[in-house]
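See structure below.
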Amino acid sequence: MAHNKLTVAVLGPGGVGGLLAALLARAGHRVICLAGDTTAHTLRTTGIHVRSPRYGDFTTPVEADTELREPVDACLITVKHTTLDAALPRIPAPTLGDALLVPFLNGVEHPAHLRSRYRPHQVAPAVIRVESTRVTPGEIEHTSPFAEIDLTGDPVPRHRLDTLATAFTTAGLTTRVLDDEAAALWAKMSFLAPFALLTTRYSLPLGDIRTHHRDELTALVAESAAVSRACGGPADPAEALARFDAFPPGTKSSMQRDAEAGRTLELDAIGGALLRAAEQHDVPTPVAAKLVRELREAGH
């Protein structure tokens, strides 16, 4: 990836993947979206249309296929954790070669899973902070005033991360390269778990959680911070609560939106992973355990 313009595959061109694909393509990079037959045909025909208060209203052409058929510089994985295993056959390891594999997935367990299937040194986990939704195939609504990426990967050569980060940055995405993979993943996980579990369990936006379930939010933030600390991540419950208090009251988690739409939840990737890490490090998490149990009993 020494040249300025990259060839980037995007597995799962939904809300996040579609936005990344469109921004990279608009910046002049070659983008190949990997999806099912219908979505791939739509993207080949009409490109990707983005509506965004930050990036404007634009349409950009992209390539699309059902499977990766040639080498690329990087492959972004932007599917939900619940569909990861079903989607991975679209990127055969021999075809991927030595390209960077960049998962934008919730949770903390997916890097090890991907490194068991691909070369460990090419898996570069990323964290993205954004609100972006696929309205229909090829139609993306980006509603947050920000789109921020943390790129990491302990066994990945730093120059490869820097090259990809430069591509993201020049495409308009605020991007950092972080040296500590565990810290980067747990920084998101320790915030996401309380947000997702509480908004989904009570079917309420964040403002109502802050008002009506404050004690539970405070306890769950403390539990998540303790697990994060044990796993090598940041642990500042007061700072986390301040971040929750700063969000608009109508904010919903992606897990809550999935529940409202009747989609399969990433409950195991978020709540389950938190409980497994807690058990591994002997960290008590009674509130998290209760919420995960109640969500599972509700059929999630």
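Everything numeric here is computed off the predicted structure, so don't read it as measured data.
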Keeping the roles fixed (side chain from [X], backbone from [Y]), state whether a donor-acceptor pair exists under 3.5 Å.
X      : Y      : result
Ser116 : His113 : yes
Ser228 : Ser224 : no
Arg276 : Asp268 : yes
Gln122 : Gly97  : yes
Glu148 : Thr174 : no
Thr39  : Ala35  : no
Glu223 : Ala288 : yes
Thr95  : Ala93  : no
Thr133 : Val135 : no

Test: [X] and [Y] ion pair at under 4.0 Å:
X      : Y      : answer
Glu181 : Arg115 : yes
Glu260 : Lys252 : yes
Arg214 : Asp208 : no
Asp98  : Arg160 : yes
Arg51  : Glu141 : yes

Salt bridge (Lys or Arg N to Asp or Glu O under 4.0 Å) between Asp65 and Arg90, intermediate numbers included: CA-CA 9 Å; Asp65 207 335; Arg90 298 192 191 279; over 6 Å; no
Can you give each donor-acceptor pair under 3.5 Å made by side-chain atoms of residues 185-195, sequence neighbours left out, with the distance rounded to 0.1 Å?
residue, atom, partner, partner atom, Å
Lys188, NZ, Asn106, OD1, 3.0
Ser190, OG, Trp186, O, 2.8
Ser190, OG, Ala187, O, 3.4

Transitive ILVMFWY cluster of Ile77, excluding itself - 4.5 Å side-chain cut-off: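 Members besides Ile77, by chain and number: Leu11, Ile32, Leu34, Leu68, Val72, Val79, Leu84, Leu88, Ile91, Leu96, Leu101, Leu105, Leu114, Tyr118, Val123.
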Does atom [atom1] ([X]) have a neighbourhood of more than 12 heavy atoms from anything else shown, all under 6.0 Å?
X      : atom1 : answer
Glu279 : CD    : no
His41  : NE2   : no
Asp57  : CG    : yes

Do you see a donor-acceptor pair shorter than 3.5 Å between the side chains of [X] and [Y]?
X      : Y      : result
His49  : Glu139 : yes
His142 : Ser132 : no
Ser253 : Thr199 : yes

Test salt bridge (charged side-chain N to carboxylate O under 4.0 Å, His left out) applied to Glu70 - qualifying residues, sequence neighbours left out: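 So Glu70 forms a salt bridge (charged side-chain N to carboxylate O under 4.0 Å, His left out) with Arg30.
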Criterion side-chain contact (heavy atoms from CB on, under 4.5 Å) on Thr251 and Glu131, from CA distance to verdict: CA-CA 10 Å; Thr251 304; Glu131 286 186 29; 4.0 Å; yes
Nearest-0.5 Å distance that lies between atom CG in Asp73 and atom OG1 in Thr7: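 Output value for this atom pair is 5.5 Å.
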Value rounded to 0.5 Å, distance of CZ in Arg158 from OG1 in Thr152: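 Arg158 CZ to Thr152 OG1: 9.0 Å, rounded to 0.5 Å.
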Working for side-chain contact (heavy atoms from CB on, under 4.5 Å), residues Thr66 and Arg69: CA-CA 9 Å; Thr66 58; Arg69 305 182 192 277; 3.2 Å; yes
Contacts of Arg201 that satisfy side-chain contact (heavy atoms from CB on, under 4.5 Å) - sequence neighbours left out: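 For Arg201 the side-chain contact (heavy atoms from CB on, under 4.5 Å) partners, ignoring immediate neighbours, are Leu291, Glu294, Leu295.
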May I have the list of side-chain donor-acceptor pairs in residues 20-29 shorter than 3.5 Å, sequence neighbours left out?
residue, atom, partner, partner atom, Å
Arg26, NH1, Tyr55, O, 3.2
His29, ND1, Leu6, N, 2.9

Contact summary for Leu43 and Pro137, nearest pair of heavy atoms: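 Taking Leu43 first and Pro137 second, the nearest heavy atoms are CD2-C, 4.5 Å.
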Worked verdict on Ile149 versus Arg176 for side-chain contact (heavy atoms from CB on, under 4.5 Å): CA-CA 6 Å; Ile149 293 173; Arg176 304 183 300 177; over 6 Å; no
What donor-acceptor contacts under 3.5 angstrom involve side-chain atoms of residues 229-243, with partners at least two apart or in another chain?
residue, atom, partner, partner atom, Å
Asp236, OD1, Ala238, N, 3.3
Asp236, OD1, Glu239, N, 3.1

Audit row: Val127, Leu178, side-chain contact (heavy atoms from CB on, under 4.5 Å) steps and yes/no: CA-CA 10 Å; Val127 171; Leu178 302 182; over 6 Å; no
